[in-house]
Engineer: 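Mind looking over this structure? Questions follow.
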Amino acid sequence: RHQGMAKNTYMRWRLPLVCLLWEVAMIVLFGVFVRFGAEADAHWEEEKREMNLTSDIENDFYFRYPSFQDVHVMIFVGFGFLMTFLKRYGFGAVGFNFLLAAFGIQWALLMQGWFHSFKDGKIFIGVENLINADFCVGSVCIAFGAILGKTSPIQLLVMTLFQVTLFSVNEYILLNLLHVKDAGGSMTIHTFGAYFGLTVTRILYRPNLEQVHIQNATLAGGVAVGTSAEMMLTPYGSLIVGSISGIVSTVGYVYFTPFLESRLHIQDTCGIHNLHAMPGLIGGIVGAITAAAATEDVYGKEGFIKAFDFTGVYQTRTPSIQGGFQAAGIVVSLLMAFVGGAIVGGILKLPIWGDAAAENCFEDGVYWEVPEDEESDVYHMHNPDKPASP
Amino acid sequence: RHQGMAKNTYMRWRLPLVCLLWEVAMIVLFGVFVRFGAEADAHWEEEKREMNLTSDIENDFYFRYPSFQDVHVMIFVGFGFLMTFLKRYGFGAVGFNFLLAAFGIQWALLMQGWFHSFKDGKIFIGVENLINADFCVGSVCIAFGAILGKTSPIQLLVMTLFQVTLFSVNEYILLNLLHVKDAGGSMTIHTFGAYFGLTVTRILYRPNLEQVHIQNATLAGGVAVGTSAEMMLTPYGSLIVGSISGIVSTVGYVYFTPFLESRLHIQDTCGIHNLHAMPGLIGGIVGAITAAAATEDVYGKEGFIKAFDFTGVYQTRTPSIQGGFQAAGIVVSLLMAFVGGAIVGGILKLPIWGDAAAENCFEDGVYWEVPEDEESDVYHMHNPDKPASP
Amino acid sequence: RHQGMAKNTYMRWRLPLVCLLWEVAMIVLFGVFVRFGAEADAHWEEEKREMNLTSDIENDFYFRYPSFQDVHVMIFVGFGFLMTFLKRYGFGAVGFNFLLAAFGIQWALLMQGWFHSFKDGKIFIGVENLINADFCVGSVCIAFGAILGKTSPIQLLVMTLFQVTLFSVNEYILLNLLHVKDAGGSMTIHTFGAYFGLTVTRILYRPNLEQVHIQNATLAGGVAVGTSAEMMLTPYGSLIVGSISGIVSTVGYVYFTPFLESRLHIQDTCGIHNLHAMPGLIGGIVGAITAAAATEDVYGKEGFIKAFDFTGVYQTRTPSIQGGFQAAGIVVSLLMAFVGGAIVGGILKLPIWGDAAAENCFEDGVYWEVPEDEESDVYHMHNPDKPASP
């Protein structure tokens with residue numbers, strides 16, 4: 001019934017080969033560039049003595065491990081299961097998400113390391129690098145949501161390679177060149193990740209696809225306070241932003257996703273436009289407004305400087321100028337997403353990556369050896385009165 | 001086959017309207033009353049300087065974030081999935097639990113804030129307030145277990161509004177007026193929450209309901225050491241209390257739940273009498289005994305004063321008097337549960353909240369748009385030889 | 001169709017009786033031996049004053065609670081769900097895993113306590129003891145994976161009793177007598193646990209069993225860096241070890257597990273030879289090599305001494321000698337596993353423990369009251385055109 005993995009996509013040998021090449025490249029690059037930072041290895045004992053610390057609790061690890069737990073589980077497990085709503089694509093959602101996260105996080109450690117943790121020719125990593133690399137991969141998981149069920153695992157790895165690269169460049173432009181604040185990643189993770197994925201899925205448009213949607217509006221509020229997470233949005237401000245995002249996201253599932261598909265030919269499998277793109281934009285805008293409205297009165301003198309890092313060359317930057325740069329950050333993220341997504345989408349369209357035929361989309365059977373009785377269950381369920389064939 | 005949400009319960013417009021009104025009220029009240037505490041916002045930098053702190057690790061957030069992770073996941077995810085054992089009510093269990101938790105936590109922040117964190121006309125909140133509000137909502141989740149599958153989402157929101165209010169009053173009476181210790185909430189959360197829910201379900205009694213029970217006895221031990229969690233119950237004391245609660249709870253599922261239904265007309269969908277009510281009572285009693293038996297010898301002088309907060313006006317309180325007050329705390333919690341539950345049950349019985357007809361109880365189809373093939377699966381499964389109708 | 005629990009295994013009365021006896025013994029032993037350590041109870045206030053500490057954050061609990069969260073959830077929930085891939089043995093996998101973990105952790109607290117936390121006739125416990133006891137039970141969960149679906153809950157409890165005992169002896173030999181480092185438990189947990197379980201399942205060999213395998217290769221990398229987790233394996237070293245283990249593990253599922261069953265009569269239900277045994281061995285070997293190659297240059301002087309605890313009588317131990325002792329640790333773990341597993345397997349083979357007949361293996365129905373319609377579902381699914389019989 002299905003063509004089977006080996007027959008029509010040749011994944012059985014090509015995927016392990018691609019993974020092997022990727023991993024060998026990573027090992028070589030890690031060997032040349034990556035070392036543990038002083039807090040992450042045996043040098044911690046020296047560090048402690050030199051900094052006159054009395055307790056291990058001052059080690060960054062203890063501050064950040066609970067955050068690492070949260071984000072790591074979210075990226076490797078949460079995103080996968082969030083995308084298991086397609087009845088016959090559960091293996092693909094969980095398995096391919098795990099695959100791209102496992103390979104993407106290594107490349108993210110290198111890319112972000114070169115930009116932010118590079119010293120004397122080496123990248124020194126600790127738990128904070130793992131957290132940031134997880135978030136970088138998160139933007140790929142978001143884009144995966146738009147193309148879920150329509151691409152081969154090799155296409156996903158190719159997309160991961162390019163998207164992690166572009167993410168790191170965009171992040172560097174925003175955080176270092178524009179000196180923009182984006183604590184929760186509304187712009188760098190959600191806006192960039194979602195519009196990148198939507199552009200890719202537009203390029204990969206296939207007529208004649210059908211799908212079973214569910215709502216993810218519950219998460220939209222969190223996305224939309226991302227940029228301003230460390231600004232003084234106030235509790236009621238958070239409620240307002242969360243309510244608006246929840247409503248926008250829910251309404252989007254009902255009215256906007258069908259419009260995107262029928263008019264713009266954007267097939268958004270998981271509805272990431274509702275959960276990430278629009279709330280991400282709202283978050284970016286809220287961040288720009290909150291920054292522009294900041295006063296020393298509200299933040300306290302030290303808090304004001306700390307919140308926006310108004311030190312060194314940025315000592316003279318005013319809140320309204322900061323608001324302008326925040327807005328510029330949104331525009332840059334969108335440009336990177338559209339241009340980058342178009343190019344990467346074009347690359348993924350090349351007929352060499354083993355993607356499934358249109359009629360086999362959203363079917364685990366193309367890439368997984370689904371047990372016979374599993375399948376017959378499913379088909380039997382869908383057509384109780386007919387023989388077990390689609 | 002099912003009447004559908006819009007036709008017989010009019011939820012499609014009434015629920016969003018109720019939610020909108022609730023949220024607007026919250027935003028106004030948060031705007032008037034709620035501010036971030038000094039450790040939760042930009043003022044932390046000033047705080048640090050003024051208190052001469054050298055490290056961010058002294059910030060309350062780092063102490064308490066792992067506890068917040070646990071309780072927040074338990075309330076928003078754990079309770080929902082604990083109640084998914086009804087075959088055709090999984091959406092209702094997870095979705096409505098999320099709904100009541102999301103709205104309840106906001107009202108709980110206000111109610112508990114007015115009682116415990118009110119200063120100069122404002123409520124100052126931080127991570128500890130979120131933990132306490134989560135626990136408050138936990139008592140609503142417990143009560144939800146008794147009425148699972150038999151009420152509309154609007155009824156649940158009405159119950160949440162009243163129960164959070166009563167919880168906060170009861171908590172204030174116990175912790176502040178009676179100066180009772182209840183670290184793990186045996187009395188305030190479990191005894192109050194469970195007997196409140198059981199009273200409500202008694203008032204809402206419907207003849208002719210059937211159900212598929214499972215056992216939750218594994219959790220009973222934790223409920224029963226709640227009150228004495230910060231007292232010196234000793235390790236073997238914990239084992240004894242845990243074993244007894246486990247046995248009581250398991251026996252309860254076999255003998256007590258059927259008795260409650262047939263003789264007292266208390267339909268307890270999840271068996272919360274076994275998992276929360278009886279273990280909660282045991283916990284309250286164990287706490288009273290452990291308090292009455294406390295000596296400076298066992299606790300150490302400072303530990304003794306700290307454990308029971310025997311300072312200020314309570315400096316002269318003796319362990320046996322404390323034991324008496326602990327016992328009074330149980331009685332007050334039960335009274336609040338019975339009287340409050342009866343009144344709220346009466347309100348919920350009004351025919352204006354869109355509850356499902358008896359024959360549609362425990363069916364997601366009444367309030368959710370269940371995919372057609374999902375439903376046909378289920379019906380087909382249950383009646384393999386009959387046409388797909390209930 | 002099924003014989004039912006009461007009829008052919010007499011579990012309905014024997015299991016509660018065994019549990020009751022075990023728990024009474026635990027309560028007596030805890031009463032005699034176990035007390036809370038100073039950081040875990042009311043004496044913390046004194047401790048703080050005496051040690052001149054200013055903050056609760058110095059309490060061990062705050063350091064270690066996030067680690068405890070991880071390991072406790074992994075043992076009590078993770079292992080159970082990892083083993084639910086057998087279609088009709090989900091209750092058995094989750095329920096029996098919980099059972100053996102709950103009883104095993106109590107015995108582990110005692111055994112490890114006598115070896116490591118015994119002072120003035122008492123065992124003083126805190127959060128670190130819970131973490132270590134969880135890991136000890138982890139080795140039983142691993143062994144459970146090999147015999148999943150083929151043993152009665154009483155057999156599992158008997159195995160738990162013996163395996164926890166042997167684990168503690170082996171751990172004492174390695175950590176205290178050989179002064180070996182095994183931070184992540186490659187040797188003590190994975191190598192010992194897996195080869196113990198494989199030996200037991202060899203002794204319990206049953207011809208004519210069939211099974212539906214899945215892959216767990218994703219976890220193999222973590223197992224294989226266990227021993228060297230606190231040594232300077234370097235980031236690229238970790239990538240190499242992880243890649244090799246992942247490949248070995250995956251290849252093992254395809255070629256090695258069938259070989260083990262057909263030639264050596266080792267029926268390894270979950271494929272623990274791939275996920276734990278081989279990666280555990282690799283981890284032990286990597287640890288020995290990494291230790292032998294250690295230099296003060298790489299670790300820093302203090303870090304070098306700290307990493308291998310080269311203090312007191314071990315002050316003169318060199319890296320190459322340490323490497324030799326590490327290798328000896330592997331051999332001891334294997335010997336304990338083979339000899340212990342053979343003896344315990346022999347005990348479990350006695351016809352008094354209520355194990356299911358061969359044709360009822362991998363069936364929840366033998367030990368659980370599976371709802372009728374649940375079962376009919378399953379059978380109906382597997383044989384849509386035949387009457388519901390296996």
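As the structure is a prediction and not an experimental result, all values here were calculated from the model. Letters A, B, ... are given to chains in the order of the sequence lines, protein chains preceding strands, and every chain is numbered from 1.
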Engineer: With a 4.5 angstrom heavy-atom cut-off, is it the side chain or the backbone of A/Gln106 that approaches chain C, or both, or neither?
Structural biologist: side chain

Engineer: Given side chains that start at C-beta, do those of A/Tyr65 and C/Asp70 come closer than 4.5 Å, heavy atoms only?
Structural biologist: yes

Engineer: Is it the case that over 12 heavy atoms from other parts of the model lie below 6.0 angstrom from the CZ atom of A/Phe81?
Structural biologist: no

Engineer: Looking at A/Gln69 and C/Pro66, would you say the former's side chain and the latter's main chain have a donor-acceptor pair under 3.5 Å?
Structural biologist: yes

Engineer: Over all heavy atoms of both residues, which pair between A/Glu46 and C/Lys301 is shortest? Give the atoms and the distance, please.
Structural biologist: OE2-N, 3.6 Å

Engineer: Can you say whether A/Leu20 sits under 4.5 Å from chain C via the side chain, the backbone, both, or neither, judging by heavy atoms?
Structural biologist: side chain

Engineer: Take atom CZ of A/Phe124 as the centre, draw a 6.0 Å sphere, and report whether it contains more than 12 heavy atoms from other residues, nucleotides or ligands.
Structural biologist: yes

Engineer: Looking at NZ of C/Lys306 and CH2 of A/Trp44, how far apart are the two atoms once the value is rounded to the nearest 0.5 Å?
Structural biologist: 10.0 Å

Engineer: Pick one of side chain, backbone, both or neither for C/Ile247, based on which atoms fall under 4.5 Å of a heavy atom in chain A.
Structural biologist: side chain

Engineer: Taking 4.5 Å as the heavy-atom cut-off, does anything in residues 31-40 of chain A contact chain C, and if so which residues?
Structural biologist: A/Gly31, A/Val34, A/Arg35, A/Phe36

Engineer: Looking only at heavy atoms, which two atoms of A/Ile27 and C/Tyr236 are closest? And how far apart?
Structural biologist: O-CB, 3.8 Å

